[in-house]
K.L.:
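Let me give you the structure first, and then I'll get to my questions.
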Amino acid sequence: MLIALALSILFALVVGIAAARSKKAEAVFIPTLDVLQSIPILGFFPIVILAIISLFPSQLGVNIAVILLIFTSMSWNIAFGVYEAVKSIPHEYLELSSLAKTSAWNRIKSLYIPASLSRIAYNTQTSWAVGLFYLVASEILTLGNSTYTVNHGIGVALINFALVHAWVSYTYAIIALIIAVIIWRFVFLREFALWSEHYKFVEEPRSVHVDPLLRFYSWVNQKSIAKLFLIAHGRGVNRFTSTLQKYRRTVKYAVMAGVTVLVLLFSYNEVAIMLASRGVVVLPHIRLSTLVSIEIPVLVAFAYSFFRIWYIYMICVVIGLPLGIVISLKMKLYDTVSPALEVISSIPAPALLPLIVLVASGSGEVVAAIVIFIAMIWYVIFNVMAGVRTLPADYKDLARIFQITSKHAWREIYIPASIPAFVTGSITAVGAAWNSLIVAEYFTTGNSTQPLTQVQFGIGKTITIATNQGDLLTLTLSIITMTVLIVAFNLTVWRRVYHYTTSKYTYNR
Amino acid sequence: MTNIAQTTGQNQGIPRPIISAQHIGLNYKKGKEFMPVLADVSMTASTDQFVAITGPSGCGKSSLLRIIAGLIQPTSGVCEYHDSPIKDTRREISMIFQNFVLLPWRTAFENVMFPLTSRRDVAESVAKQRCMQALCEVGLKNFEDVYPGELSGGMKQRVGIARALAVEPEVLLMDEPFNSLDNLTADHLRKEVYSLLINPNTSIKTVIMVSHNVEEIVELSDKVIVLSPRPGRVVGEVEIDLPRPRNKKSDPFSNYEDRIYSLLS
């Protein structure tokens, strides 16, 4: 995992600096990152595994695949962080360095990297939690295929304990995971973040207690998600130019999607040929009729998953929105609860899978619901909490001075004020839910014929089964279908909701 | 006229003050230590009096205002409204904020209406009428349906004033009300605000304003309470006896300014 993190930071520095300093690189990288960030990476994992294992058919290959996946999950937002940081270097510094005729390397070393450090630190905090999710998920995913599994890893250990019903060991492993999370988050990352404070350009008013949640929020809200939907973001963009931009952006995204599909198809052929040559799987003939006959069940499965995610999202809203508001309105409750929530939330849902299977006693639909719920709820709660925390204290005074009843205060102040953060959280949550499907809907281990848990229909199930059977055609079609539909949904629905809410429900304008 | 750290309200023949703060002390808890913010502050505000509280930054003048509002409770001493201690916020005491604190998702009218929607004792039709009238008085007729985001800073503060007027309070508190406005806008609003607030047609009997702008204080107030740096104590009280409207270029005006400056330094 550390290897993946180091790779991510390196990648982020290269891409981020390049994108920030060169117009051409910006035009290529930023939309690419946008799309890559919004698709469920876990869906690609099976293809990656098959491809890499065919190159390195050993433990090494599997481990490379896992590292690659974690790297993928972490690097996008760090890259955005670097990009934003380098972009926002005051131009006087650039003028100074060009006046001094510094070399490019010198400039990178003494200006760009230090300038990005604090953003890297902050974004690493979030990336870490995401990375942990993929770590456990990818490790246990490899279990589905008996030929290639990671032998050592926390995810594998957890599942193996659960399989032999060694619940004591399982509990110990979970506790070890939690302790590791605590040490990492509150010791190492904290130090890194504090140290990187020295490298800030603008001295912000220092408060004794910096709310880590607010930092997280400001990252999620302003950077990543805004970037996901707009290339030119910000309040300065007026309505006219944004209308103009809209069409250009749509075209850009369409081109991006097209290129992605082509690349995928190409790599499919490559992989298939390679696999066939090694005798792993036989290259299937692609006919239109077979395509259609595969595509229809894929679409049905997608519809089931789509519905599943949305009804669980509704449950998350009903629970998460009021809970987030209540916690952040009560100062004492907030101080005690929020660090605890942070720790609990960083336990990846897949790690709890065996426990959930046990609790749900065999109902695949319930298992899926719980896993998806765990994957989503934190994003909703944390974002709502951070949103309410950014509400100026004056608004609470306002409610008290004018003796506003709590019903009115909720309806008119707290709920509207948390809406932009809530929408941001929802977008992230649904994204996470799509990823969690891969383990939530179907889970099996290589040495048993009966899957541990499964739902009747679902795109996650389709993908996992296709992987295990080496059915590349179904796999590819499923992933393409899922990617295209999700990206399309993001661009049409979420972007509009996001625009509408951020323009209507911001109080500091 | 300058009384050092002396309790006021001693002038015989003047009716009982509306607001009377007596020996107010306030400590903030910072870690394990207590940081004194206010120490033994006493002041009063009586009928038709415009009182200003001033002092260097961090002297606790805003905290004092919040004690009077009932938003925070003093560590020692008592603050009374008509002889009864202020334990919580009350509808007779209203406030105008430095940063306006309007609901951006509501129109100007709905913002003014907001406090009244929580009131059972005011019928909706009466409330609506009051809000329209308040908006007219602050010069925002025809701006009822505009959202705060489309209003200038000065107009936003006018909405804030209308909102405070509409609840028909007896005491109006203002926390640096002109501080977020640019000079020109603030100047305009200052010229109007005194006659807007203190006139026989409004319910307001007394105004207490926190400010660090000496010119603004001399222009508006009848009485100035000057606080020392933290912890805030009363270092002086100046009664300003000038005819209104006041001429900022006149000698007596400058004399008052000089006197307040000398207390501040």
Side-chain angles (χ1 to χ4, degrees), chain A residues 205-210 234-240 242 321 325 329 331-332 335 384 387-388 390-423 497-509, chain B residues 28-31 33 35 62 65-66 68-72 86 88-107 110-122 147-153 156 160 163-164 166-169 171-176 180:
Chain A
R206 277 192 186 219
S207 61
V208 188
H209 172 73
V210 184
R235 293 187 197 119
V237 185
N238 65 34
R239 214 166 267 175
F240 176 69
S242 71
L321 186 65
I325 294 179
L329 281 182
M331 207 53 199
K332 276 199 181 137
D335 285 342
V384 169
V388 176
T390 55
L391 183 74
D394 280 349
Y395 280 85
K396 282 188 204 167
D397 286 351
L398 175 82
R400 288 189 58 200
I401 287 274
F402 290 112
Q403 311 200 308
I404 308 295
T405 55
S406 60
K407 186 185 103 188
H408 272 104
W410 272 72
R411 206 176 64 195
E412 298 289 323
I413 302 176
Y414 304 132
I415 292 179
S418 60
I419 279 184
F422 165 70
V423 170
V497 173
Y498 183 81
H499 268 311
Y500 175 74
T501 51
T502 46
S503 63
K504 181 156 182 182
Y505 294 104
T506 29
Y507 36 85
N508 43 357
R509 24 171 218 190
Chain B
Y28 268 152
K29 206 174 166 185
K30 190 184 176 188
E33 285 173 44
M35 212 168 46
S62 277
L65 197 74
R66 279 171 167 72
I68 298 170
L71 285 169
I72 46 180
I86 300 172
D88 197 357
T89 54
R90 44 193 314 150
R91 63 178 54 153
E92 295 89 353
I93 304 175
S94 184
M95 189 152 156
I96 293 170
F97 297 85
Q98 177 181 345
N99 295 315
F100 325 130
V101 199
L102 303 176
L103 306 176
W105 38 86
R106 292 283 169 232
T107 63
E110 287 165 336
N111 264 289
V112 178
M113 192 71 181
F114 179 49
L116 292 174
T117 49
S118 284
R119 291 267 293 263
R120 292 244 176 87
D121 58 326
V122 183
Y147 286 90
E150 293 152 7
L151 292 171
S152 67
K156 280 184 198 160
R163 181 174 62 191
V167 298
E168 302 194 340
V171 180
L172 182 68
L173 309 177
M174 302 203 288
D175 187 8
E176 312 222 19
S180 306

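The figures that follow rest on heavy atoms only: side chains count, while hydrogens, waters and symmetry mates do not. In what follows, chains carry the letters A, B, and so on, assigned in the order in which the sequence lines appear, proteins first and then strands, with residues in each chain numbered from 1. This is a predicted model, so every value here is computed, not measured.
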K.L.:
Side chain from CB out, backbone as N, CA, C, O: work out which of these in F100(B) comes under 4.5 Å of a heavy atom of chain A, or both, or neither.
P.N.:
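Neither part; nothing is under 4.5 Å.
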K.L.:
Could you look at R66(B) and say if it's the side chain, the backbone, both or neither that has a heavy atom under 4.5 Å from chain A?
P.N.:
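Contact with chain A: side chain only.
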K.L.:
Among T405(A), I401(A), I413(A), which residue has the highest count of heavy-atom pairs closer than 4.5 Å to chain B?
P.N.:
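Most heavy-atom pairs under 4.5 Å with chain B: I401(A).
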K.L.:
Keeping W105(B) on the side-chain end and E412(A) on the backbone end, is there a donor-acceptor pair under 3.5 Å?
P.N.:
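Yes.
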K.L.:
Among R106(B), Q98(B), E110(B), which residue has the highest count of heavy-atom pairs closer than 4.5 Å to chain A?
P.N.:
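Option with the greatest count: R106(B).
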K.L.:
Please flag which part of I419(A) lies under 4.5 Å from any non-hydrogen atom of chain B: side chain, backbone, both or neither.
P.N.:
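Nothing of I419(A), per the 4.5 Å heavy-atom cut-off to chain B.
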K.L.:
Side chain, backbone, both or neither: which part of I93(B) has an atom under 4.5 Å from a heavy atom of chain A?
P.N.:
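The backbone, not the side chain.
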K.L.:
Is the shortest heavy-atom distance from the side chain of V167(B) to the side chain of Q403(A) under 4.5 Å?
P.N.:
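V167(B) does not reach Q403(A) side chain to side chain.
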K.L.:
Please determine, among D175(B), L116(B), D88(B), V101(B), the option with the most heavy-atom pairs under 4.5 Å with chain A.
P.N.:
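Heavy-atom pairs under 4.5 Å are most numerous for V101(B).
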K.L.:
What's the separation between atom CG in L398(A) and atom CG in N99(B), rounded to the nearest 0.5 Å?
P.N.:
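Rounded to the nearest 0.5 Å, the CG-CG separation comes to 12.5 Å.
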K.L.:
When only pairs under 4.5 Å are counted, which of G70(B), S94(B), A164(B), P115(B) shares the most heavy-atom pairs with chain A?
P.N.:
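Of the candidates given, the most pairs with chain A belong to P115(B).
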K.L.:
Starting at CZ of F402(A), measure out to OG1 of T117(B) and round the result to the nearest 0.5 Å.
P.N.:
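One finds 11.5 Å between CZ of F402(A) and OG1 of T117(B).
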